[in-house]
Every structure is written in structure tokens, then in C-alpha cells.
Amino acid sequence: MAHPTTVDHLLPGDHVCWTFDDHERHLSALIRYLRGGLERGEQVLYFTDTFLPDAFLAAAQAYGLEVREPERTGQLQVTTAEESYLAGGTFDAERALAGWHTAIGEARGQGYSALRVAADMGWTVRATPGVERLAWYEAQVNQIFSDGYAMALCCYDRRLFTSAELDRVGAAHPATARAGAGSHEEWAPMLRIRRTFEGLALTGAADRSNSDALEATLRHVVADAHRIADGAAPLVVDVADLTFADTAIARLLAGAVAAARGRLLLRGVRPTLHEMLSVIDPGQAHARCVTGSTV
């Protein structure tokens, strides 16, 4: 068996900005990702921009991926940006978010273990109305992925974007992977964001590179906290498995707790994060944490 690569480590709930500059390497990794979903009984959707659907299916078949039967049953669906993101001739971010709910509901209803999506994002460089909201959309969709059922590999060709553009859209993803970067081929997602019965759990590292993704998700959690009945237990953001957080992330967490007005607390705060919270607001550092949770 080939040595595992980045795409082999992805799990339902992950939302990854996958950047590449080599067509062959990208196609190989993409087919590995799609094959993994088919083998696990997931529904697999691919929104292509580089290929027409028939051309991609032929290429996948040439790479040894059996596509005829999963395409016949609907387990594998390949479509274009014009038929999905750009239906109607514009990019409507709210419509795209609603489309995720529809696709997830359909996949669940058909008994698939998860929904696995790959999307070539080359269409975003075209002068399409609404495309200026792409980064906002990529950040907001994390609320959907954090439920842990759907996952997405957003494929950005580095040759089509400036470094600033990639940084901006990358920050809207919890994780960014760079194809063809040597040892980074084995890299696992930097941050995993998952909703729990109590609130939210963070695993991995958080910094400027994924701060927009975390901020957007925290806003939804704060909104949920405000809907808690008086006297009910507050929601919890579990940060015990947050292995790294920079000052900007500490400020995001502190701000979310403050905005929730006592209805959101942190659990599992490590000493370094606790120290940053103490500097940000000395009087509230302990009040933000579930009692006895600092480790």
C-alpha cells in the first residue's frame, strides 16, 4: 500500500484548503480522497472546474478508481461549478450554505456514513457576481462541518491566486495543506472544530492561519448560548486538546465568553493559554473557566 498522504488522514467534519501547483499530483491526491470515501460507504461529491464530468470520470477510471457502479447508484456524483456554486449565473453565498443542508439531509436519508466533498475552486478567479463573498462563505460553512458529518477538500491552484488571496481564504478554513511539500504530505489538519452536546471542542493548533474559521464558529456558539434558558448550565468550549493558541486566538476565546454573558465557559485551559487570558483581562481569567479545569 502506498505511504499515507494528507488526504488519507482527513475525517468527517474536516474542512481543508488544499493548495497545489502540479496537475498530476493534484489529480492523484484527489482520486485517493474520493476512493477513501467510496470505500468507507460515504456519499462522494466532486465539483469540477478543471475537467468536464465525463473527462474526469475517464481519468479516474484510468487511475484505477472504479466509477461506473458508484455513479450508477448515486454514491459518486460529479458536476461542474456552473451546475452547483454558480447556478443562476452568480455566486449566492446563502444559497450555497443552504445547499449544504440539503445535501447532508439527502445523504443521511440514503444511509451514507458521511458526506465527502471535493471542489475545484478555479471558478473563483472569474469575474462572477458574488465571488467577493467567497472568504465569508468559507468561514461560515464551518458551522455546518463542525457537526462532524460532512467534510470538504477545497482545491486551490496556487498558480491562479496571489499569496494574499490564498492567505485570506486559507484563514477561513480550520486547516490548510500544501500539495507537494515534502514531509507535509503526511500532515494532518491543523485544527479540528467539532460541536458537542455541551458546546464545542477544539483539537490541534489555532493561530492567524485559521482564525477566521474559528471566529465564525464561535459566533454561532455564542448565539446558541444566548438562547439558553435562565438557570440552565452554560455551554462549554473544551480546549483541553488545543495544543497551541496564539494571542489572537486567546482574544477570540475571551471575546466569545464575554459576549455570551456567563452562558459560555472554557474547559481544559492549559497554563500558557490561561496566562494569555490573564493578561488580556486579569479580573476575568478564572471566571471564564469551568471550575478546576485549568491544567
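This is a predicted model, so every value here is computed, not measured. We number each residue from 1, following the sequence as shown.
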Practice prompt. Report the residues that fulfil ring-ring contact (aromatic ring centres under 6.0 Å, His included) with Trp100, sequence neighbours left out, ordered by chain and then residue number.
Written response: Phe145
Worksheet item: Hey, does Leu57 have a side-chain heavy atom less than 4.5 Å from the side chain of Leu76?
Response: yes
Item to complete: Report yes or no: do Asn142 and His220 form a side-chain donor-acceptor pair below 3.5 Å?
Response: no
Worksheet item: salt bridge (charged side-chain N to carboxylate O under 4.0 Å, His left out) with Arg251: which residues, sequence neighbours excluded?
Response: none
Discussion item. Tell me the closest heavy-atom pair linking Val237 and Leu264, and the distance in Å.
Written reply: CG2-CD1, 3.7 Å
Discussion item. What I want to check is whether the side chains of Gln61 and Glu66 have a donor and an acceptor closer together than 3.5 Å.
Written reply: yes
Worksheet item: For Pro174 and Ile193, which heavy atoms make the closest approach, and how far apart are they?
Response: CG-CD1, 4.0 Å
Worksheet item: Can any side-chain N or O of Gln75 pair as donor or acceptor with the backbone N or O of Leu38 at less than 3.5 Å?
Response: yes
Discussion item. Could you tell me if Glu215 and Ser211 have a donor-acceptor pair between their side chains, going purely by distance under 3.5 Å?
Written reply: no
Tabulate below the donor-acceptor pairs under 3.5 Å that side-chain atoms of residues 148-155 make, not counting sequence neighbours, or state none.
| from | atom 1 | to | atom 2 | distance (Å) |
| --- | --- | --- | --- | --- |
| Tyr149 | OH | Arg108 | N | 3.4 |
| Tyr149 | OH | Tyr112 | O | 2.8 |

Discussion item. Assess, by modelled atom type and distance only, whether the side chains of Ser209 and Asp207 contain a donor and an acceptor separated by less than 3.5 Å.
Written reply: yes
Item to complete: Verify whether the ring centers belonging to Tyr85 and Trp123 lie closer than 6.0 Å.
Response: yes
Worksheet entry | Partners passing side-chain contact (heavy atoms from CB on, under 4.5 Å) against Glu132 (at least two apart in sequence or in another chain) | none
Item to complete: Go through Asp22 and Arg159 one step at a time and tell me if the salt bridge (Lys or Arg N to Asp or Glu O under 4.0 Å) criterion holds.
Response: CA-CA 9 Å; Asp22 180 279; Arg159 296 165 294 189; over 6 Å; no
Worksheet item: Do Tyr137 and Phe91 have their ring centres less than 6.0 Å from each other?
Response: yes
Practice prompt. Tell me yes or no: between the side chains of Thr80 and Glu83, is some donor less than 3.5 Å from an acceptor?
Written response: yes
Please report, to 0.1 Å, the donor-acceptor pairs under 3.5 Å made by any side chain of residues 165-173, with sequence neighbours excluded.
| from | atom 1 | to | atom 2 | distance (Å) |
| --- | --- | --- | --- | --- |
| Glu165 | OE1 | Thr162 | N | 2.8 |
| Glu165 | OE1 | Thr162 | OG1 | 3.4 |
| His173 | ND1 | Val169 | O | 2.8 |
| His173 | NE2 | His15 | NE2 | 3.3 |
| His173 | NE2 | Glu138 | OE1 | 3.4 |
| His173 | NE2 | Glu138 | OE2 | 3.4 |

Practice prompt. Take Arg178 and Thr19 through the test side chain to side chain donor-acceptor pair (under 3.5 Å) and record every step on the way to the result.
Written response: CA-CA 5 Å; Arg178 182 182 175 94; Thr19 70; 4.8 Å; no
Fill in: Residues forming a salt bridge (charged side-chain N to carboxylate O under 4.0 Å, His left out) with Glu94, sequence neighbours excluded
Arg133
Worksheet entry | Within 6.0 angstrom of Arg95 CZ, more than 12 heavy atoms from elsewhere | yes
Item to complete: List the steps and the verdict of salt bridge (Lys or Arg N to Asp or Glu O under 4.0 Å) for Asp238 and Arg267.
Response: CA-CA 5 Å; Asp238 192 327; Arg267 180 168 63 206; 3.5 Å; yes
